[in-house]
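Note sheet for the following structure.
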2 protein chains.
Amino acid sequence: MAGPVRRTRRRSASKSDRMDIHAVAKLAHVSIATVSRTINHIPTVNPKMAKRVWEAIRELDYFPNTQARALVSGRSRLLGLIVSEITNPFFPELIQGFEEVAVENGYEVLIGSTNYDPERMKSCIRRMVERNAEGVAVMTFGIEQPLLDQLADRKIPLVFVDVAPNRPGMSVLRVDYHHGIRQGVQHLAALGHRSIAFVAGPLRLHSAQSRLAAFKKALQECGIPVEEKFIIEGDHTMEGGLAAAARILEHKNLPTAIMCSNDMLAIGVLHKLSRSGLQVPGDVSIIGFDDIHMAEMMIPSLTSIQMSRADLARAAVSALRTHLEGSTPKREYTIDTHLVVRESTGFPRGTMTRLRKFTAKRAESAAESTQ
Amino acid sequence: MAGPVRRTRRRSASKSDRMDIHAVAKLAHVSIATVSRTINHIPTVNPKMAKRVWEAIRELDYFPNTQARALVSGRSRLLGLIVSEITNPFFPELIQGFEEVAVENGYEVLIGSTNYDPERMKSCIRRMVERNAEGVAVMTFGIEQPLLDQLADRKIPLVFVDVAPNRPGMSVLRVDYHHGIRQGVQHLAALGHRSIAFVAGPLRLHSAQSRLAAFKKALQECGIPVEEKFIIEGDHTMEGGLAAAARILEHKNLPTAIMCSNDMLAIGVLHKLSRSGLQVPGDVSIIGFDDIHMAEMMIPSLTSIQMSRADLARAAVSALRTHLEGSTPKREYTIDTHLVVRESTGFPRGTMTRLRKFTAKRAESAAESTQ
DNA sequence: CCAATCCCAGTAAACCTTTACCGCAAATGT
DNA sequence: ACATTTGCGGTAAAGGTTTACTGGGATTGG
């Protein structure tokens, strides 16, 4: 049996111009172990050598190779964040907060967006696993069981919003939708509204369902009847808002207020109502949810229910960190919501007169498109 | 001299439950090389074995470790994308397009945002290098020379918008701001506007400067005087728009139209004008830039100058790919812009009457805050 | 002045994969 | 039936880092 043959396979260029830890070690006249220890701030390294090493690092503009690092240490320093879609302004605001907190804690963020498509969710998960994310926050619809198992089998900590898979290593961020939504309904009730529509999000999203449920409960508490015909399922986009408003306008007796599952829907509804000649809040009041930055800039500015992105982000990172450090995790965090009153809500005066005007007008301009 | 001591340092658990390429090889009764070749679709592998391997992979739910892969192959399959800020809706739309094209080409995307802060730019670059991004697209302000050198030294291909560092491996996406902006000015001129203000972006951004320059040039072409007092530097946010509009309102004779360096500014301006009792477009017409999705939903909907995010994204990825494949790259790509007319522009009628009204009102409500 | 102790830098294994190269077995040619 | 080619699977090195363990030198105690 012939012995193994030794060969060399340098990829290109001379060894000297490759910029790795060996180059630093050579320049600083120390071993690579010392360089590594210096970089990782391990206290057993002599300050004098550390200084030499840092100088060499600066001199060479050396950056450690994250991949090699992660490979050997088993720590990628990567947190995954899976959101629904980045073009809904709520999510960039959330991502920004999440990233900020993650960086504060020495992590980087891997962003995935599902666009509400289970296939894309699958590929997001795949990416998270392939890149060895140490933990993943899922801020979109509920994750399917087999995928969940994949992550669970690999002992990757997970954080969810609302929905709670009962397993070790998983935490839930419970959003107290009820508080904010009740405030909203009470606000409308106090103004005198008795007929309130709700434009829901896609009901396969747990968060959308929770919001709807909270709305119904709040109506009951205020003694306002639930009108099923005024509960419309939308899709959390402005276009969804346009469509939902159009469906509401089909009815003879309009509701005097419309509450929406998120601000994008509310913006669409607002737009559609204005286009149809209805005044907000004169004829119909509108309340959104999320309180995205843009809500304040609408005309009229949008009354909305705020859920702190900062709190959500902070809680998510915090939960993941807790799991990662192995300390017994607090399994549930609660994020609360509250009403921010602006201009899109008011007294339900004059509804009927304007409605007659609107109905008459609708007849003559039947051909107008939604846009 | 004692010979080296052999030891073993398994991280935890029994070897069998680690989920690496060896496990797959064992289950499929082939060597790890065959597994690797199968995964990478190298044609010299016998179909029968390939089938066994794929079955084993499926069975074990095996995912190759990206880090190890990248380490040995020298290819991270990662493209960097550095943007200004993700909370400006223009960028999520851009990011989405970029990611889509990148994924189509087998890459993943590393996103960095600078928030217009050179320090953050530095850390973005650092991340890109540490994670071995194969190419980086810089879609924000110009990059500083030393940082540029860092990337250039590492032979990382770069793509910029507007600004053109003249080096190998770098491409420029030239945006033809002039075309769209001229269309906008011509549109206003045709409506009868003679006094047009411009709310610029932060002028250290090359793109903001280009837009301003294009505006001035377009005015000249249309024979409209440039009024320096009506050229305001903003910051590409809605708040910047509010502030800029406030400054414009300080003047006795208002411009009859305001063009903005981006839509967020335009939204802020629109808001401020409405709050001040001015009608858009009755008193003042407004044109934005970018044509973000939200522009259509404003009331009045915003006339804006569109630059295709999809084209931009596609060109950026394409440029990077060209560099990576080593073929002689086309160094410049041109993205064009065009006007989208909506409701925020109209004839400059009745300006003076309303202005008198507004001036009178301003006196009595001097204490009102901007919001 | 020698021995024991301690501190700390260096050596080399290990992380998981890709891939160059070798060699075995089967197929083909004579 | 033997030699030659071909096809393909296996072995092991390499990629850049962390880190367990070793051992050398300095310091301290006797």
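Proteins come first, then strands; the chains are lettered A, B, ... in the order of their sequence lines, and each starts at number 1.
Tyr62(A) has a side-chain polar atom (N or O) that falls below the 4.0 Å cut-off from OP1 or OP2 of dT17(D). OP1 or OP2 of dT18(C) lies within a sub-4.0 Å distance of a side-chain N or O belonging to Ser36(B). Contact between the side-chain N/O atoms of Ser31(B) and the OP1/OP2 oxygens of dG9(D) is not found at any separation under 4.0 Å.
Look at CD on Gln67(A): it is 20 Å from P on dA14(D), rounded to the nearest Å. Rounded to whole Å, atom P of dC15(C) lies 14 Å from atom CG of Asn132(A). Computed from coordinates, the Asn40(A) CG to dT19(D) C1' distance equals 10 Å when rounded to whole Å. Across the protein-nucleic acid pair, His29(A) atom NE2 and dA9(C) atom C1' stand 15 Å apart, rounded to whole Å. Protein atom CG of Asp20(B) is 6 Å distant from nucleotide atom P of dT17(C), rounded to whole Å. What separates CG of Asn46(A) from C1' of dA9(C) is a distance of 10 Å, to the nearest Å. Atom CZ of Arg77(A) is separated from atom P of dT17(D) by 17 Å (rounded to the nearest Å). Going from atom CD1 of Ile42(B) over to atom C1' of dA20(C) covers 12 Å, rounded to whole Å.
Among the heavy atoms of the strands lying under 4.0 Å from Thr34(A) are primed sugar atoms or P, OP1, OP2 only; no base atom is included. At the heavy-atom level, Thr44(B) lies under 4.0 Å from the strands shown only through sugar-phosphate atoms.
Residue whose closest nucleotide on DNA chain D sits further toward the 5' end, between Val30(B) and Asn65(A): Val30(B). Both Ala68(A) and Ile32(A) lie near DNA chain C, and the one whose nearest nucleotide falls closer to the 5' end is Ile32(A).
The distance from atom CG of Leu320(A) to atom CZ of Phe98(A), rounded to the nearest 0.5 Å, is 5.5 Å.
Remark: the Arg69(B) side chain and the dG15(D) base include no donor-acceptor N/O pair separated by less than 3.5 Å.
Of the candidates dG9(D), dC16(C), dT18(D), the closest approach to any side-chain atom of Val45(B) belongs to dG9(D). Checked against dG9(D), dT17(C), dG16(D), the side chain of Val72(A) finds its nearest nucleotide in dG16(D).
A salt bridge does not link Arg69(B) with Glu130(A): none of the charged nitrogens is closer than 4.0 Å to a carboxylate oxygen.
No side-chain donor from either of Asn105(B) and Arg77(B) sits under 3.5 Å from a side-chain acceptor of the other. Looking only at atom types and distance, the side chain of Ser113(B) has a donor-acceptor partner in the side chain of Arg120(B) under 3.5 Å away.
Smallest separation of non-hydrogen atoms from Leu78(B) and Tyr107(B): N-CD2, 3.8 Å.
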